Amino acid sequence: MKIATWNVNSLKIRLGQVLDWLAANPVDALCLQELKLTDDKFPVAEIQAAGYHAAFAGQKTYNGVAVLSRTAPRDVVRGMPGFEDTHQRLIAVTLDSPAGDVRVLSAYCPNGQSLDSEKYPYKLGWYAALREYMVTELAQHPRLALLGDFNVAPEDRDVHDPAKWEGQVLVSPPERAALQALIDLDLSDAFRLFEQPEKSFSWWDYRQLGFRRNAGLRIDHILLSPALREVCEACIIDKEPRRNEQPSDHTPVVATLAL
DNA sequence: ATGGTAGACATTCTA
């Protein structure tokens, strides 16, 4: 079983690239973020024609998440029960696997904008709510994968120029602590289960030739419960789509599970 | 210190 995550920065603009990528990389589940479209505009027919089911939670202009899957999603939950949020940032589905149910969640964690923005405490509060939600999800689903754009680079080695980024949003200690608190529920960063090239990133700013200079951050992650960590065989960042014309500023992360 | 790009939408906000 292969699972992947990709912040597409507008599914309307990127649909062709998503379908091309799925044709070349027929993963069992692809989590998408930043759909930037309402549910009535979700391209259900095109995704079905490509052989995928879709569970999605969209809104106008901003945010929006989805899980595309080979098998039909069950027990779909949009958002976090008990956490009021005007943003569509989380969707959970259950998928079949030979080893039994696998819970797959697509998350678009808040960016935070800057440390002095009101969006920054919103980000930390959202992370706290996500942690509480994952406590209950993990209790119900031993095989669980939380994938998405976490908008946090966990360590300095996930930052192209740590000195330049020090004290900025996406790398600040409180954000890293919030992500770590999630990981402390006994989740594993799938990418770090394996030896990886130096300077591996998943996002590059559109500005100042970020991709050409490899001036990026690793902020897109696949977090695995213990049962899935045990069967994880690989995790890679696929930089190819970032080379496309009109690319997303993010590129897919893919994990291979022996299921 | 500033602004650089991209997307959606409307002449600005978010990332």
Side-chain angles (χ1 to χ4, degrees), chain A residues 5-21 31-43 46-47 56-66 79 84-91 106-127 130 147-154 158-172 174-176 178-179 201-221 237 239-253:
Chain A
T5 182
W6 191 6
N7 177 326
V8 291
N9 185 20
S10 169
L11 184 55
K12 182 183 176 184
I13 293 291
R14 233 67 69 190
L15 178 61
Q17 293 181 41
V18 169
L19 297 177
D20 287 349
W21 189 82
C31 295
L32 301 175
Q33 299 87 36
E34 282 206 89
L35 307 180
K36 295 188 172 182
L37 44 74
T38 49
D39 287 349
D40 59 299
K41 300 272 187 9
F42 192 92
E46 291 88 339
I47 302 254
F56 47 91
Q59 68 183 96
K60 189 176 162 74
T61 310
Y62 301 121
N63 310 312
V65 288
E84 286 300 315
D85 196 352
T86 57
H87 297 178
Q88 299 290 356
R89 295 185 174 279
L90 190 72
I91 189 165
S106 178
Y108 177 47
C109 302
N111 173 284
Q113 195 162 65
S114 64
L115 269 60
D116 58 2
S117 165
E118 74 280 356
K119 295 182 180 68
Y120 185 76
Y122 165 70
K123 178 178 192 172
L124 296 180
W126 198 92
Y127 258 97
L130 178 61
L147 308 86
D149 175 2
F150 288 78
N151 269 312
V152 175
D158 302 310
V159 180
H160 70 96
D161 185 345
K164 187 172 163 184
W165 277 82
E166 190 173 0
Q168 302 222 53
V169 77
L170 309 186
V171 307
S172 73
E175 296 167 72
R176 285 177 165 173
L179 175 59
F201 308 124
S202 66
W203 168 84
W204 301 262
D205 202 305
Y206 285 124
R207 294 166 287 192
Q208 299 171 313
L209 301 172
F211 185 61
R212 266 201 353 207
R213 297 188 295 119
N214 196 30
L217 302 179
R218 190 175 71 91
I219 57 177
D220 300 272
H221 308 302
I237 295 172
K239 285 169 77 170
E240 281 308 315
R242 192 62 176 77
R243 300 187 175 101
N244 290 345
E245 278 186 46
Q246 265 198 304
S248 169
D249 45 351
H250 297 251
T251 210
V253 184

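Quick note on labels: first sequence line is chain A, next is B, and so on, each numbered from 1. This is a predicted model, so every value here is computed, not measured.
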Between [N] ([atom2]) and [X] ([atom1]): distance, integer Å:
X: Arg89(A); N: dT14(B); atom1: CZ; atom2: P; result: 11 Å
X: Lys119(A); N: dA15(B); atom1: NZ; atom2: C1'; result: 10 Å
X: Leu37(A); N: dG7(B); atom1: CG; atom2: C1'; result: 12 Å
X: Trp204(A); N: dA15(B); atom1: CH2; atom2: C1'; result: 16 Å
X: Phe211(A); N: dA15(B); atom1: CZ; atom2: C1'; result: 19 Å
X: Lys164(A); N: dT2(B); atom1: NZ; atom2: C1'; result: 13 Å
X: Asp249(A); N: dT14(B); atom1: CG; atom2: C1'; result: 11 Å
X: Leu217(A); N: dA15(B); atom1: CG; atom2: C1'; result: 12 Å

Is there a donor-acceptor pair closer than 3.5 Å between any side-chain N or O of [X] and the backbone N or O of [Y]?
X: His221(A); Y: Val152(A); value: yes
X: Tyr108(A); Y: Gly64(A); value: no
X: Ser202(A); Y: Asp220(A); value: yes
X: Ser106(A); Y: Ile91(A); value: no

Would you say that [X] contacts [Y] through its side chain, given a criterion of any heavy-atom pair below 4.5 Å between the two side chains?
X: Phe201(A); Y: Thr251(A); answer: no
X: Trp203(A); Y: Asn7(A); answer: no
X: Tyr122(A); Y: His87(A); answer: yes

Pairs under 3.5 Å (N/O, protein and nucleotides 8-11 of chain B):
residue: dA8(B); atom: OP1; partner: Ser10(A); partner atom: OG; Å: 2.3
residue: dC9(B); atom: OP1; partner: Lys60(A); partner atom: NZ; Å: 3.4

Please give me the minimum heavy-atom distance between Ile219(A) and His250(A), naming the atom from each residue.
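Result for this residue pair: CD1-CE1, 3.7 Å.
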Closer than 4.0 Å, any side-chain N/O of Gln246(A) to the OP1 or OP2 of dG7(B)?
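Yes, such a contact exists.
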Looking only at atom [atom1], what distance separates [N] and [M], rounded to whole Å?
N: dA10(B); M: dA1(B); atom1: C1'; value: 29 Å
N: dT2(B); M: dT11(B); atom1: P; value: 25 Å
N: dG4(B); M: dT14(B); atom1: C1'; value: 16 Å
N: dC9(B); M: dA15(B); atom1: C1'; value: 15 Å

With a sphere of 6.0 Å drawn around CZ of Arg243(A), does it hold more than 12 non-hydrogen atoms of other residues, nucleotides or ligands?
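Yes, the 6.0 Å shell around CZ holds more than 12 heavy atoms from other groups.
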Partners meeting side-chain contact (heavy atoms from CB on, under 4.5 Å) with Gln17(A) (sequence neighbours left out):
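Scan of Gln17(A) (side-chain contact (heavy atoms from CB on, under 4.5 Å), adjacent residues dropped) gives Trp6(A), Arg14(A), Asn244(A), Gln246(A).
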Applying a 4.0 Å non-hydrogen cut-off, can you work out what Tyr108(A) is touching in the nucleic acid: base, sugar-phosphate, or nothing?
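Sugar-phosphate, backbone atoms only, no base.
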I'd like a list of close polar pairs between nucleotides 3-5 of chain B and the protein, N/O only, cut-off under 3.5 Å.
residue: dG3(B); atom: N2; partner: Gln208(A); partner atom: NE2; Å: 2.7
residue: dG4(B); atom: O6; partner: Arg207(A); partner atom: NH1; Å: 3.2

DNA chain B: Arg14(A) or Trp203(A), which has the more 5' nearest nucleotide?
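Final value for this comparison: Arg14(A).
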